[in-house]
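Note on naming: letters A, B, ... go to the chains in the order of the sequence lines (proteins, then strands), and numbering restarts at 1 for each one. Quick caveat, the model's predicted, so the values are computed rather than measured.
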Protein chains: 2
Amino acid sequence: MKISTEMLKGVLEGIVLQIISEGETYGYEITKNLNDHGFEDVVEGTVYTILMRLEKQQLVTVEKKKSSLGPARKFYQLNDAGQQRLTLFWKHWTFLTAQMDHLKEDHHV
Amino acid sequence: MKISTEMLKGVLEGIVLQIISEGETYGYEITKNLNDHGFEDVVEGTVYTILMRLEKQQLVTVEKKKSSLGPARKFYQLNDAGQQRLTLFWKHWTFLTAQMDHLKEDHHV
DNA sequence: ATTAGCTACTATGTTTTACTATGTAGCAGT
DNA sequence: ACTGCTACATAGTAAAACATAGTAGCTAAT
């Protein structure tokens, strides 16, 4: 299923943070990961802009490593600020889903 | 709690659709409703732009009625297209939350 | 009657975010 | 040499929610 672009806004950054938190990874891999796990239409360009944003906000550390396959990869890792941001993201997400659940239930009451 | 602006994008329109589907209502009331139910920081301007959008997309019918209290109100009701859109919205939302749940779980596995 | 305060809708401009589209470049296998 | 996959980068666009301001009706107190 295709998730509407707008519904991803503000969520995708959190998703990327979560993926990075699960272990050092790089842009291309993240994109594949997303595409294979329900976010079919997220393209490289989108992921790279998010990664740049994260770097700019100093939520991640970056390390360039040579690859055995193709050009060098930029590996990302969460730093403390990134971890905190991720925690905050899940907090917001949990709150939002709770509100949405109420809204949905009310309809049937 | 304050939900980040960006996280609301693409969701708020669905929320407004849901609220309208629960019974004829108008902009000002919708805003109050939102503010009282977890969406504290949504302002009138935002709601009215959404309502205009819904009207433009012909998802709602509009009826102006005099109020005993203040100026006339524009009452909104979902039409068939609006109902379909709402159903689609919940479908997308459910799918997204499912993906997010997987993502969250994977972390702890 | 005039002001203040709540109700109610409208309009303009800004910011953020994801997408489209395109380009660059390394390396492997044929 | 050429194709295809890997990998990163970026300029431009569109959509959505926001801030802000304005218009206007009605009620009640002064």
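Per the geometry, CG belonging to A:Asn33 stands 13 Å off P belonging to D:dA7, to the nearest Å. In this structure, B:Leu34 places its CG atom 15 Å from C1' of D:dC18, rounding to the nearest Å. In this structure, A:Leu51 atom CG and D:dA9 atom P are separated by 9 Å, rounded to whole Å. At whole-Å resolution of the value, CE in A:Met52 and C1' in D:dA7 are 12 Å apart. Whole-Å rounding puts the A:Glu63 CD to D:dA7 C1' distance at 17 Å. Between the P atom of D:dT6 and the CZ atom of A:Phe75 lies a distance of 14 Å, rounded to the nearest Å. In this structure, B:Tyr48 places its OH atom 20 Å from P of D:dA16, rounding to the nearest Å. As rounded to whole Å, 13 Å separates atom P of D:dC8 from atom NZ of A:Lys65.
Nearest heavy atoms, A:Gln58 versus A:Ala81: O-CB, 3.9 Å. Between B:Val42 and B:Thr31, the shortest heavy-atom contact is O-CG2, 3.9 Å.
Considering only side-chain N and O atoms, A:Lys74 lies under 4.0 angstrom from the phosphate OP1 or OP2 of D:dA9. The side chain of B:Arg53 places no N or O atom within less than 4.0 Å of a non-bridging phosphate oxygen (OP1 or OP2) of D:dA15.
Between B:Phe95 and B:Gln99 the shortest side-chain heavy-atom distance falls below 4.5 Å. Within the 4.5 Å cutoff, side-chain heavy atoms of B:Ile20 are placed close to those of B:Leu54. The side-chain heavy atoms of A:Gln57 and A:Arg85, taken from C-beta on, include a pair separated by under 4.5 Å. Taking the side chain as every heavy atom from C-beta outward, B:Phe39 and A:Leu96 approach each other to under 4.5 Å.
The residue A:Leu12 sits close only to the backbone: its heavy atoms come under 4.0 Å of sugar-phosphate atoms, none of a base.
No donor-acceptor pair closer than 3.5 Å links the side chain of B:Tyr28 to the backbone N or O of B:Glu44.
Salt bridge present: B:Lys9 and B:Glu6 bring a charged side-chain N and a carboxylate O closer than 4.0 Å.
More than 12 heavy-atom neighbours from other residues, nucleotides or ligands sit within 6.0 angstrom of NZ on A:Lys65. More than 12 non-hydrogen atoms from other residues, nucleotides or ligands lie less than 6.0 angstrom from CG of A:Asp36.
Of the residues in residues 90-98 of chain B, not one comes within less than 4.0 Å of DNA chain C through any heavy atom. Residues from residues 39-47 of chain B that place a heavy atom under 4.0 Å from any atom of DNA chain C, listed by number: B:Glu44, B:Gly45.
If you walk DNA chain C from 5' to 3' and mark each nucleotide with an atom closer than 4.0 Å to a heavy atom of chain B, the marks span C:dT7 to C:dT17.
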Quiz prompt | Verdict with supporting geometry, B:Ile30 and B:Ile50, side chain to side chain contact (heavy atoms under 4.5 Å, CB included) | solution = CA-CA 11 Å; B:Ile30 293 172; B:Ile50 292 174; over 6 Å; no
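Judged by closest nucleotide on DNA chain D, A:Ala72 is the one of A:Ala72 and A:Glu6 placed further toward the 5' end.
Taking CG of B:Leu17 as the start and CG of B:Leu88 as the end, the distance is 10.5 Å to the nearest 0.5 Å.
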